[in-house]
Amino acid sequence: MHDVEISRAVEILRPARRVLAFTGAGVSAESGVATFRGAGGLWEGRSIEEVASPEGFRADPIKVWRFYEERRRNVARARPNPAHTVLATWQDRFERYTLATQNVDGLHQAAGSRDVLELHGSLWRVRCVSCGTERDDLLVPLPQLPPLCAVCGAMERIAVVWFGEFLPPDVMAAAQAAAETCDVLVVVGTSAVVYPAAGLVGIAAEAGAKVIEVNPEASALAHLADVTLRAPAGEVLPLLDAGLREG
Ligand code: BV8
Ligand code: ZN
């Protein structure tokens with residue numbers, strides 16, 4: 001990746017007042033957390049429906065719980081990487097800064113990001129299938145599978161958004177509002193194939209925002225980017241941050 005693209009991206013970011021950062025599994029790749037669709041991805045050799053849909057959970061809750069328990073165990077060993085850290089420091093650099101993530105690993109918060117918009121929920125929250133009581137749960141491993149609701153005794157599920165489920169309306173609305181009004185959208189580590197989250201890129205571009213894509217490969221929405229930085233986020237974000245500090 002050339003310095004030319006980095007300096008073009010820095011020149012776009014420097015004057016920006018309202019910035020939206022939109023991330024996917026790629027931002028956690030250098031923390032050792034598996035992505036979904038790359039080589040060795042979570043969906044490899046698995047049927048997504050079987051482990052990440054309400055139907056799959058209904059059919060075999062223990063199998064689904066084992067899939068999430070495994071991911072919780074892997075993420076519990078992971079630490080934020082420089083990309084998470086830079087994205088966290090940017091919340092104090094711009095007049096208005098929003099971080100919307102498709103990730104459920106909590107690494108943005110671990111790096112110090114506040115008010116993270118978790119579009120697809122979190123591995124670290126569980127919800128009762130019956131009374132809907134939702135709680136944080138950081139236990140690895142879980143004492144029992146499936147965990148049971150302390151309020152009504154029914155089974156609890158992981159509080160992530162499965163395929164065919166709606167995203168939390170307030171979270172999506174906040175992300176959409178940020179996309180409609182931002183000067184710059186920085187898209188980091190997403191294949192941009194899952195909707196409605198990926199729709200944020202088109203909304204921002206349509207509203208006139210400058211779009212910077214950070215991804216070793218072209219995402220499905222690379223054509224909407226003004227600048228594409230074809231390298232790992234853990235290398236690119238510190239370079240962008242250094243460029244902003246020089247100015
Ligand atoms: C919805 C949480 C309304 C769980 C996830 C049929 C029926 C129902 C719905 C649909 C349907 N057909 C299509 C849909 C819509 C569906 C959808 O978009 N499907 C796609 C696959 C076609 N969407 C939904 O179902 C959504 N809900 O539409 O509700 C509705 C309701 C009822 C009926 C109809 C409609 C819900 C979507 C949310 C699903 N939940 N995850 C969990 O995590 O277990 S999605 C899952 O994909 C993750 O959240 C993930 O974040 C997301 C996107 O993936 P990415 O983050 O982009 O990761 P990926 O591996 O794909 O890419 C990684 C990228 O990183 C790559 O580009 C790679 O190059 C790059 N990279 C790698 N290393 C690095 C890097 N980048 C930078 N640095 C590096 N080092
Ligand atoms: Zn309950």
Side-chain angles (χ1 to χ4, degrees), residues 1 22-44 46 48-57 64-65 67-72 74-75 81-84 86-87 100-107 118-135 146-169 171-172 186-201 213-222 228-238:
M1 180 201 47
F22 172 52
T23 68
V27 79
S28 297
E30 288 152 278
S31 298
V33 179
T35 60
F36 292 89
R37 295 168 180 85
L42 282 164
W43 297 148
E44 208 173 67
R46 268 200 186 89
I48 297 178
E49 284 67 29
E50 272 177 28
V51 290
S53 78
E55 297 73 23
F57 184 66
V64 172
W65 261 113
F67 171 63
Y68 285 97
E69 172 89 297
E70 169 73 17
R71 287 176 61 192
R72 285 162 55 109
N74 293 340
V75 170
N81 68 63
H84 293 110
V86 166
L87 290 171
T101 186
Q102 299 168 92
N103 300 342
V104 294
D105 58 28
L107 288 178
E118 291 183 309
L119 298 164
H120 293 159
S122 171
L123 284 176
W124 304 113
R125 272 202 303 283
V126 299
R127 184 171 66 244
C128 175
V129 298
S130 172
C131 72
T133 305
E134 186 161 311
R135 63 185 176 84
L148 302 179
C149 174
V151 172
C152 77
M155 176 164 62
E156 289 174 318
R157 60 168 279 180
I158 196 88
V160 302
V161 178
W162 281 327
F163 285 98
E165 293 188 318
F166 289 100
L167 279 60
V171 176
M172 187 58 198
V186 188
V187 188
V188 188
T190 183
S191 56
V193 297
V194 174
Y195 282 80
L200 294 172
V201 182
E213 174 167 271
V214 179
N215 192 325
E217 291 161 30
S219 76
L221 297 176
T228 57
L229 304 172
R230 289 275 168 264
E235 291 169 27
V236 169
L237 271 296

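Counting starts at 1 for both ligands and their atoms, in listed order. Everything numeric in this text was worked out from a predicted model, so none of it was measured.
- Ligand 1 has no N or O atom lying under 3.5 Å from any N or O atom of Ala29, backbone or side chain.
- Distance screen at 4.0 Å: atom 68 (C) of ligand 1 has a protein heavy-atom neighbour inside the cut-off.
- The protein heavy atom nearest to atom 50 (C) of ligand 1 is Phe36 CE1, 3.4 Å.
- Atom 64 (C) of ligand 1 has Gly189 O, 3.5 Å as its closest protein atom, hydrogens excluded (heavy atom only).
- The contact set between ligand 1 and Glu30, taken as ligand atoms under 4.0 Å from a residue heavy atom, comprises 78 (N), 79 (C), 80 (N).
- Below 4.0 Å from some heavy atom of Ala25 lie the following atoms of ligand 1, by number and element: 55 (P), 56 (O), 58 (O).
- Within a 4.0 Å radius of atom 7 (C) of ligand 1, the protein contributes no non-hydrogen atoms.
- Although no hydrogens or angles enter the test, the distance criterion places no donor-acceptor pair under 3.5 Å between the side chain of Glu69 and the main chain of Trp65.
- In terms of polar-atom proximity, Ser191 is counted as a contact of ligand 1, with an N or O under 3.5 Å from an N or O of the ligand.
- Atoms of ligand 1 lying under 4.0 Å from at least one heavy atom of Val193, given by number and element, are 18 (O), 20 (C), 22 (C).
- In terms of N/O distances under 3.5 Å, ligand 1 is not approached by Phe67.
- The residue from Leu167, Val171, Val160 that alone fulfils the side-chain contact (heavy atoms from CB on, under 4.5 Å) condition with His120 is Leu167.
- Proximity to Phe166 (heavy-atom distance under 4.0 Å) selects the following atoms of ligand 1: 3 (C), 31 (C).
- Here the heavy atom of the protein found nearest to atom 18 (O) of ligand 1 is Tyr195 N, 2.8 Å.
- Taking a distance limit of 4.0 Å, we find that atom 14 (C) of ligand 1 is approached by no protein heavy atom.
- An N or O contact shorter than 3.5 Å links Glu165 to ligand 1 by distance.
- Nearest protein heavy-atom contact of atom 21 (C) of ligand 1 is Phe163 CE2, 3.9 Å.
- Counting the atoms of ligand 1 from 1 in the order shown, those under 4.0 Å from a heavy atom of Gly24 are 56 (O).
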Cut-off 3.5 Å, no hydrogens considered: what does the side-chain donor-acceptor table look like for residues 29-37, sequence neighbours left out?
| residue | atom | partner | partner atom | Å |
| --- | --- | --- | --- | --- |
| Glu30 | OE1 | Ala233 | N | 3.3 |
| Glu30 | OE1 | Gly234 | N | 2.8 |
| Glu30 | OE2 | Gly234 | N | 3.2 |
| Ser31 | OG | Arg79 | O | 2.7 |
| Ser31 | OG | Asn81 | N | 3.3 |
| Ser31 | OG | Asn81 | ND2 | 3.0 |

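- At a threshold of 4.5 Å between non-hydrogen side-chain atoms, the residues Val161 and Pro168 count as touching.
- Residue Val214 has no nitrogen or oxygen atom sitting less than 3.5 Å from a nitrogen or oxygen atom of ligand 1, judged on distance alone.
- Considering every non-hydrogen atom in both Arg135 and Pro147, the closest pair reads NH2-CB, 4.0 Å.
- By the 4.0 Å N-to-carboxylate-O rule, Arg127 lies too far from Glu165 to be salt-bridged with it.
- Checking only distances, Leu167 never comes within under 3.5 Å of ligand 1, N or O to N or O.
- One finds the SG atom of Cys128 at 11.0 Å from the CD atom of Glu134 (value rounded to the nearest 0.5 Å).
- The nearest protein heavy atom to atom 11 (C) of ligand 1 is not closer than 4.0 Å.
- Using a distance-only test at 3.5 Å, with no hydrogens or angles considered, no donor-acceptor pair links the side chain of Asn215 to the main chain of Gly189.
- Counting heavy atoms only, Pro216 comes closest to atom 76 (N) of ligand 1 of the residues Pro196, Ala220, Pro216.
- Glu118 has its side chain out of reach of Trp124: every pair of non-hydrogen atoms, C-beta onward, lies at least 4.5 Å apart.
- At least one protein heavy atom sits closer than 4.0 Å to atom 1 (C) of ligand 1.
- Side-chain contact between His84 and Ser28 is present, with heavy atoms from C-beta onward closer than 4.5 Å.
- The presence of a protein heavy atom under 4.0 Å from atom 35 (C) of ligand 1 is ruled out.
- Taking 4.5 Å as the limit, some side-chain heavy atom of Cys131 sits within range of a side-chain heavy atom of Cys149.
- Against a heavy-atom cut-off of under 4.0 Å, Tyr68 is close to the following atoms of ligand 1: 4 (C), 42 (C), 44 (O).
- The backbone N or O of Arg230 sits nowhere less than 3.5 Å from a side-chain atom of Thr228 that would complete a donor-acceptor pair.
- Minimum heavy-atom separation, Trp43 to Ala52: CH2-CB, 3.7 Å.
- Side-chain contact between Leu200 and Leu119 is present, with heavy atoms from C-beta onward closer than 4.5 Å.
- Per-residue contacts place Val160 under 4.0 angstrom from the following atoms of ligand 1 (heavy atoms of the residue considered): 4 (C).
- Scanning the protein heavy atoms around atom 74 (C) of ligand 1, the nearest turns out to be Gly26 O, 3.5 Å.
- Residues Ile158 and Leu123 approach most closely at CD1-O, 3.2 Å, considering heavy atoms.
- Here the shortest heavy-atom distance to atom 59 (P) of ligand 1, taken over His120, Arg230, Arg37, Glu213, belongs to Arg37.
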